[in-house]
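In what follows, chains carry the letters A, B, and so on, assigned in the order in which the sequence lines appear, proteins first and then strands, with residues in each chain numbered from 1. Scope of the values below: all heavy atoms of this structure, side chains included, with no hydrogens, waters or symmetry mates.
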Amino acid sequence: MLDLKFVRENIELISEKTQLRGANIDLNSFKELDNERRTLIRRVEDLRAQKNRLSEEFGKKKKQGILSDKDIEENRLLINKINEEIKEIDERLKLIEENHKLQLLSIPNIPHSSVPVGKSSEENLEIRRWGEIRDFKFQPKPHWELGELLDIIDFERAVKLTGARFSILKGWGSKLERALINFMLDLHTQKHHYEEMLPPFIVNKDSMTGTGQLPKFAEDLFKLEGYDYYLIPTAEVPVTNYFRDEILNEEMLPLYFTAYTPCFRAEAGSYGKDTKGIIRQHQFDKVELVKFVKPDNSYEELEKLTKDAEEVLQLLGLPYRVVSLCTGDLGFSSAKTYDIEVYLPSYNDFKEISSCSNFEDFQARRMNIKYRIKGSNKTEYVHTLNGSGLAVGRTLVAIIENYQNEDGTITVPEVLRTYLGGKDIITRNK
RNA sequence: GGAGAGAUGGCCGAGUUGGUCUAAGGCGCACGCCUGCUAAGCGUGUGUACCCCCUAAAGGGUACCGAGGGUUCAAAUCCCUCUCUCUCCGCCA
């Protein structure tokens with residue numbers, strides 16, 4: 001959410017910036033609504049002030065016992081009339097406030113000045129590359145074939161259990177997934193000093209609104225029938241909302257958190273995309289990184305957070321590149337985002353495995369997270385950041401595909417072996 | 001699931017026979033004073049959102065005592081509904 005006064009005074013700037021994102025926000029209707037809202041507020045507040053004055057005088061006089069029955073009746077009628085008018089305006093105002101808030105919540109964040117201008121992911125800017133793409137001496141297989149050959153991924157029975165876009169990891173597949181989760185959490189907690197958290201996988205509406213999933217993207221979420229609860233699409237939601245409606249002390253900042261959770265996405269509007277394998281599922285595991293920082297160094301923190309995520313791939317020996325998302329590809333709440341893309345032989349291309357964003361105060365304003373500035377008694381919104389560190393399912397895919405051998409077995413990356421009881425090659429179990 | 005108690009500012013906590021509540025008091029925090037240093041002490045200040053005014057500063061107003069509704073000229077205070085927390089009992093991994 002942007003600041004109301006800022007929006008009011010910068011209608012032109014905002015429509016220009018949101019157009020760069022490809023979003024078409026009707027700010028003229030917002031402006032009209034805002035004007036009407038203010039007019040009504042002024043009127044109703046005047047009436048209330050008048051009423052309060054009358055009531056107070058009435059109370060004093062009554063105490064002194066200088067009022068006749070007629071005075072009492074007249075006063076009663078007068079205030080009742082004002083009350084009627086207040087009620088009428090209040091009803092209209094309520095509708096307008098709702099709409100006003102909805103519109104304000106629906107305005108996306110303003111891209112940072114360093115974000116490249118562009119329409120789609122094709123205009124994202126490559127920042128750097130790491131690692132060598134392996135020169136296969138044989139035809140590499142995609143992970144969905146290797147997964148079935150090794151009997152570590154079962155697609156068909158997952159359809160029976162649930163439906164399309166679900167899968168079952170089994171045997172060394174599930175062990176590898178678990179090893180990756182532990183490896184990532186250990187790296188981030190021990191080396192990068194994030195605090196580990198295991199949050200609920202179900203959150204309420206206020207949390208979803210706080211991070212920006214609601215009200216605009218309800219169709220991407222799984223909602224629990226009969227409850228105002230949702231399955232989390234990312235750990236970002238519970239972890240960032242951890243401090244909702246709180247005032248932190250400046251000395252507490254920056255705060256780093258990491259959390260493993262499964263993530264649930266309805267993926268509305270992505271039919272036909274990445275249908276093979278486990279690249280795009282309704283449920284997947286992710287280790288998330290979340291930061292609460294002071295506004296003046298949030299962009300440095302974004303660089304650090306991105307490097308923390310990259311280190312996972314470096315230690316696993318997986319080639320990747322980092323791209324800066326262009327204005328048209330930027331997420332709704334983000335001011336700047338780096339995507340980390342890992343190389344996948346089955347795509348013969350780089351595929352997103354992490355998305356690291358600075359939301360500035362956009363989420364903090366929605367969530368009402370501030371910090372008290374030391375030495376001034378004032379408060380200020382924090383900046384929030386997050387990034388995947390990493391998407392575990394896609395990391396599993398990257399390992400299976402990049403570390404495959406000609407005979408269909410998979411070499412386990414060195415750093416994971418201690419997590420797998422020393423296992424160095426994954427072969428088919430009998 | 002049953003019974004009871006409760007929800008007040010950054011935190012603790014008073015206030016529930018309706019009317020100077022403009023929410024006491026304490027802690028914390030900020031500024032100043034005092035003081036070899038530190039601690040203690042003294043003084044002053046200290047919520048949020050919105051609206052108006054406005055170059056700005058300052059000022060004025062409205063709302064907010066868990067949420068929503070009701071009674072009343074007037075509600076933190078009375079009534080109803082809901083949510084959450086705590087205690088005890090029951091059930092349960």
Sub-3.5 Å pairs of nitrogen or oxygen atoms, protein against nucleotides 55-57 of chain B:
none

Could you list the protein-to-nucleotides 80-84 of chain B atom pairs, N/O on both sides, closer than 3.5 Å?
none

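With sequence neighbours excluded, no residue forms a side chain to side chain donor-acceptor pair (under 3.5 Å) with Thr240(A). Evaluation of the side chain to side chain donor-acceptor pair (under 3.5 Å) rule for Ser357(A) yields Thr337(A) as partners, not counting sequence neighbours. For Tyr242(A), the side-chain contact (heavy atoms from CB on, under 4.5 Å) criterion is met by Met197(A), Phe257(A), not counting sequence neighbours. Under the rule for a ring-ring contact (aromatic ring centres under 6.0 Å, His included), the partners of His192(A) that lie at least two apart in sequence or sit in another chain are His188(A). Taking Tyr403(A) as the reference, nothing meets the ring-ring contact (aromatic ring centres under 6.0 Å, His included) condition, with sequence neighbours excluded.
Out of U62(B), C51(B), A49(B), the shortest distance to the side chain of Asn52(A) is found at U62(B). Taking the side chain of Lys51(A) as heavy atoms from C-beta on, and the options A74(B), U62(B), U48(B), the nearest nucleotide is A74(B). Listed nucleotides: G10(B), U62(B), A49(B). Nearest to the side chain of Ile247(A): G10(B). The side chain of Arg372(A) lies closest to G10(B), out of U62(B), G10(B), C73(B). Counting only heavy atoms from C-beta on, Arg38(A) has its side chain closest to C52(B) among C73(B), U62(B), C52(B). In this structure, of C73(B), G70(B), C51(B), it is C73(B) that holds the atom nearest to the side chain of Ser55(A).
Contact annotation: Asn368(A) does not reach the phosphate of U48(B) (side-chain N/O to OP1 or OP2, under 4.0 Å). Within the 4.0 Å cut-off from OP1 or OP2 of U72(B), not a single side-chain nitrogen or oxygen of Arg76(A) is found.
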* **Audit row: Phe30(A), His100(A), ring-ring contact (aromatic ring centres under 6.0 Å, His included) steps and yes/no** => CA-CA 7 Å; Phe30(A) 179 76; His100(A) 187 262; 5.0 Å; yes
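Using a 4.0 Å heavy-atom cutoff across all strands shown, Asn83(A) reaches sugar-phosphate atoms only and no base atom. Contact annotation for Asp46(A): no contact, since no heavy-atom pair falls under 4.0 Å across all strands.
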* To do: Represent RNA chain B in dot-bracket notation, 5' to 3'. Only Watson-Crick or G-U wobble pairs with both distances under 3.5 Å count; pseudoknot-style crossings use [ ] and interstrand partners use |.
  => ((((((((.[[[..)...(.....]]]((((((.......))))))((((((......)))))).[[[[[..)....]]]]])))))))....
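Listed by first and then second residue, the salt bridge (charged side-chain N to carboxylate O under 4.0 Å, His left out) pairs that reach into residues 284-295 of chain A are Glu250(A)-Lys294(A), Lys286(A)-Glu288(A), Lys291(A)-Glu301(A), sequence neighbours excluded. Listed by first and then second residue, the salt bridge (charged side-chain N to carboxylate O under 4.0 Å, His left out) pairs involving residues 94-110 of chain A are Arg37(A)-Glu97(A) (not counting sequence neighbours). Pairs engaging residues 151-176 of chain A under the ring-ring contact (aromatic ring centres under 6.0 Å, His included) rule: Phe166(A)-His282(A) [sequence neighbours left out].
Residues Phe217(A) and Phe332(A) place their aromatic rings such that the two centres sit under 6.0 Å apart.
Residues of residues 238-246 of chain A that place a heavy atom closer than 4.0 Å to RNA chain B do not occur.
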